Amino acid sequence: MAAPGKTPDSARRSDRSRRAIYDAALALVGEVGYQKTTIEGIAARAGVGKQTIYRWWPSKAAVLLEAFVDLNEQAAEAVGEVGQALPDTGDLVADLKFVLRATVDELVDPKYDIPTRALAAEGIVDAELGAQYVDKMLRPSLQLYVDRLRAGQEAGQVRPDVDPEIALELFTGPLTHRWFLRTAPLTHAYADSLVEYAVHGLAPR
């Protein structure tokens, strides 16, 4: 008598399909750009039916957003930084420069640059997607800056009347502006200058 076959593990199959879809979406955006990327193309690249994608996501933008969130989570896990705070060596300027330099490295890496631009641009015309992008991608990262600046306040390195949520924009805002509009190259030296200008303006008088 033949041994009974094993019951398929639908959860494992679904996870494999999701992973294939994430990889396909990111690869296609990198190869052909956001506008030419389609649900049909993602499905074909991932080896799944397009209805599988539509069952889980309402649009290609939603697929890309989730894929990019996953990509960032994997990168954080690889270096053991999931949920961790910004460095706190006691030197606020050095810590901020370290993190902003890492941000520059990420923004100039095509693996991150292309999907980030695609999501940011689409989020301008799609308010719902834009809100999701802020909630899932931007706000968690910005909160780390807020926490580090508050620690700086407690250490007497930042004026007590400074609002950290506004202060962080003194260096993250210009960096994002230069990256998004390509007004000039993104460099470590530029990141260092932003931190110097911002922190010296925040230091106790």
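Keep in mind that this is a model prediction, so the values were computed, not measured.
Once rounded to the nearest 0.5 Å, the distance linking CG of L65 with CG of L129 reads 6.0 Å. Note that CG of L186 and OG1 of T176 are 9.0 Å apart. Values are rounded to the nearest 0.5 Å. Here D192 contributes atom CG and L96 contributes atom CG; the two are 10.5 Å apart, rounded to the nearest 0.5 Å. How far CG of L144 is from CZ of R148: 12.0 Å, rounded to the nearest 0.5 Å. Rounding to the nearest 0.5 Å gives a distance of 6.5 Å between OG1 of T116 and CD of E106. Taken to the nearest 0.5 Å, the CG atom of L71 stands 5.5 Å off from the CG atom of L26.
Between D95 and D88, the shortest heavy-atom distance links the atoms OD2-CA, 3.2 Å. The two atoms that bring V199 and V93 nearest to each other are CG1-CG2, 3.6 Å, heavy atoms only. Nearest heavy-atom pair across P115 and P110 is CD-O, 3.8 Å. Across all non-hydrogen atoms, the minimal contact from I42 to L28 is N-CD1, 3.5 Å. Contact record, Y190 with P174: OH-O, 3.3 Å, taken as the closest heavy-atom pair. The heavy-atom pair separating A25 from L64 by the smallest distance is O-CD1, 4.4 Å.
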Between W57 and I21, is the side-chain contact (heavy atoms from CB on, under 4.5 Å) condition met? List the steps. CA-CA 11 Å; W57 298 281; I21 291 167; 3.7 Å; yes
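Among residues two or more places apart in sequence or in another chain, the ring-ring contact (aromatic ring centres under 6.0 Å, His included) test is passed with Y34 by none. Here K97 pairs with E196 under the salt bridge (charged side-chain N to carboxylate O under 4.0 Å, His left out) rule; sequence neighbours left out.
V195 and Y197 end up in different hydrophobic clusters when Ile, Leu, Val, Met, Phe, Trp and Tyr side chains are linked at under 4.5 Å. L107 and F180 end up in the same hydrophobic cluster when Ile, Leu, Val, Met, Phe, Trp and Tyr side chains are linked at under 4.5 Å. The hydrophobic clustering, which links ILVMFWY residues whose side-chain heavy atoms are closer than 4.5 Å, places W179 and V108 together. Under the 4.5 Å side-chain contact rule for hydrophobic residues, V32 and I114 do not share a cluster. Follow the hydrophobic side-chain contacts under 4.5 Å out from Y54 and you reach Y22 in the same cluster.
Sorted by first then second residue, the salt bridge (charged side-chain N to carboxylate O under 4.0 Å, His left out) pairs that include residues 166-191, not counting sequence neighbours, number zero. Under the ring pair (Phe, Tyr, Trp, His ring centres under 6.0 Å) criterion, the residue pairs touching residues 136-164 are Y145-F171, with sequence neighbours excluded. Counting only residues at least two apart or on different chains, the salt bridge (charged side-chain N to carboxylate O under 4.0 Å, His left out) pairs with a member in residues 33-58 are E31-R45, E40-K50.
Look at D113 and R117 and you find a salt bridge, because one of the NZ, NE, NH1 or NH2 atoms lies within 4.0 Å of a carboxylate O, short of that distance.
Listed for the Q157 side chain is a donor-acceptor partner under 3.5 Å among the backbone atoms of G90.
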Got a list of side-chain donor-acceptor pairs under 3.5 Å for residues 132-140, not counting sequence neighbours?
residue	atom	partner	partner atom	Å
D135	OD1	R139	NH1	2.3

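When side chains are defined from C-beta on, T38 does not count as touching K60, because their heavy atoms never get closer than 4.5 Å. At a threshold of 4.5 Å between non-hydrogen side-chain atoms, the residues D147 and L86 do not count as touching.
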